Amino acid sequence: MSNQDWLERSRKAVWHPCTQMKWHEDFPLVPVQRAEGVWLYDFDGRRILDGLGSWWVNLFGHGHPRIVQALQAQLKELEHVMLAGFTHEPVVRLSERLSQATGQQLGHCFYGSDGASATEMALKMSAHYWRNCGMPEKNGFMALAGSYHGETLGALGVTDVPLFRAAYAELIRDSTILPSPDIRLGPSAAAKALEALELHLAVHHARTAALIIEPLVQAAAGMVFHTPEFLAQVYATCQRHRVHVIADEIAVGFGRTGTLFAHEQAGIVPDFLCLSKGITGGFLPLSVVMTSDDIYAAFYDDRLARGFLHSHSYSGNPLACRAALAVLDIFEQEAVIATNQSRQAQFEAMVAPLKLDPRIAHFRHRGMIWAFDVLSDATDFSRRFHRAALHQGLLLRPIGTTVYFMPPYTLTDAEFQFMVEAARQALDEVLPL
Ligand SMILES: Cc1ncc(COP(=O)(O)O)c(C=O)c1O
């Protein structure tokens, strides 16, 4: 079977995500036969560098042998068992190791399969905590302008992306949206956001359960950065008003911002930590919400109705947990955070020409994320750039006019150089100098 056969069959039978299917009439899907390291291979043997880790899930390249071996071993023992009333080694070990990674501060792990479900679970847990504490009216939520926390109905309630909300507006419960602390707007933006938070909570704290935030980088907003100091101040303000902080590290967790978890850089411990995406290195769907002894204790009771009510068939799937354990092994044994850090000077030298490009503004970098804004008014810039980059053998999908690199950490210097050069050539095609 050729590329052409698979893309025709896929177009008929598969409804693809985040896609206007009609656009594929003249913009072919990319059928992927296999993948290895940072490279995706189509059915004609052509290769494409996965510059966004397949939507931010792939940390160590495709087919990483340690994760493959771990999964093969697990497959021989236990593929799945329901987690209500049963338990198993991978889920226990993973929960213990994740807790350890938070200094045992978030010692209770509740599992789902996707990021949006983690958001739902954290929102439900927060409001249910306050209900169990005799404050059922404390059930409102806050989020930052531009935030993205997933696209199920509850998650859309704290997601501020007009395109994703508008079509489902009647189905969504509104939240309070605070101004953006985007560093591109200067330090006054963070001050304004903090002021709005304080003003809102001064009046509404008794009706507010939690603020949900993507620590340090609002990824789907277009790689919008805020400072660790801002995050620390948000946390302090919420604590003062007895409002939970939910750290959504679904995109930024697992080393992406330069520390294992982004919130560490602000010196805080959130009330809830949501993880997914990179947790299995991009092998299997898994998400987790981690929380503290205090919150867990509020659910611990003889009555079922005071327990956390969220049932999911694949909760704590052994295969996914085993992949996640292999990911944690790689972090430890290959000193991933330190290695990424030690390579920053080389990366910096390779992206330096982009910073001088007159078509680019706001070049920014944090950990293993690089982003810049292209000075273009074209509403179809993202599609055109995506297509031009594919033509160069590079997978990138700009968000609006923001181009970003979020590659697997294992890419070599030569692959990094290829990524930067292919992006520059794609830019030349879309926006000639
Ligand atoms: C910060 C953040 N939260 C939640 C989600 C939703 O995750 P999922 O696509 O697995 O539902 C995403 C996905 O991009 C995300 O970036």
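For ligands, and for the atoms within them, numbers begin at 1 and follow the listed sequence. All values derive from a computational prediction rather than experimental measurement.
- At under 3.5 Å, not a single nitrogen or oxygen of Glu214, backbone or side chain, sits near a nitrogen or oxygen of ligand 1.
- Residues Ile48 and Tyr41 are not in side-chain contact: their nearest non-hydrogen atoms beyond the backbone lie 4.5 Å or more apart.
- Of the protein's heavy atoms, Asp248 OD2, 2.7 Å lies nearest to atom 3 (N) of ligand 1.
- Heavy-atom contacts of Ala251 reach the following atoms of ligand 1: 16 (O) (cutoff under 4.0 Å).
- What sits closest to atom 12 (C) of ligand 1 on the protein, heavy atoms only, is Tyr148 CE2, 3.5 Å.
- In terms of protein heavy-atom proximity, atom 8 (P) of ligand 1 is closest to Gly115 N, 3.4 Å.
- For Lys277, every heavy-atom contact with ligand 1 shorter than 4.0 Å involves the side chain, none the backbone.
- Remark: the backbone N or O of Gly367 is paired with a side-chain donor or acceptor of Gln344 at under 3.5 angstrom.
- The shortest side-chain heavy-atom distance between Asp373 and Arg364 falls under the 4.5 Å cut-off.
- Of the charged side-chain nitrogens involved, none lies within less than 4.0 Å of a carboxylate oxygen, so that Arg93 and Glu96 do not count as a salt-bridged pair.
- Side-chain contact between Asp182 and His226 is absent, with no heavy-atom pair separated by less than 4.5 Å.
- If you look at His149 next to ligand 1, the close heavy atoms, those under 4.0 Å, all belong to the backbone.
- A salt bridge links Arg11 with Glu8: at least one charged nitrogen is closer than 4.0 Å to a carboxylate oxygen.
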Point to revise | Phe347 and Trp370: CA distance, side-chain angles, deciding distance, ring pair (Phe, Tyr, Trp, His ring centres under 6.0 Å) verdict | key: CA-CA 10 Å; Phe347 294 149; Trp370 294 263; 5.3 Å; yes

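- Scanning all protein heavy atoms for the shortest distance to atom 16 (O) of ligand 1 gives Trp56 CZ3, 3.4 Å.
- Checking only distances, Ala116 does come within under 3.5 Å of ligand 1, N or O to N or O.
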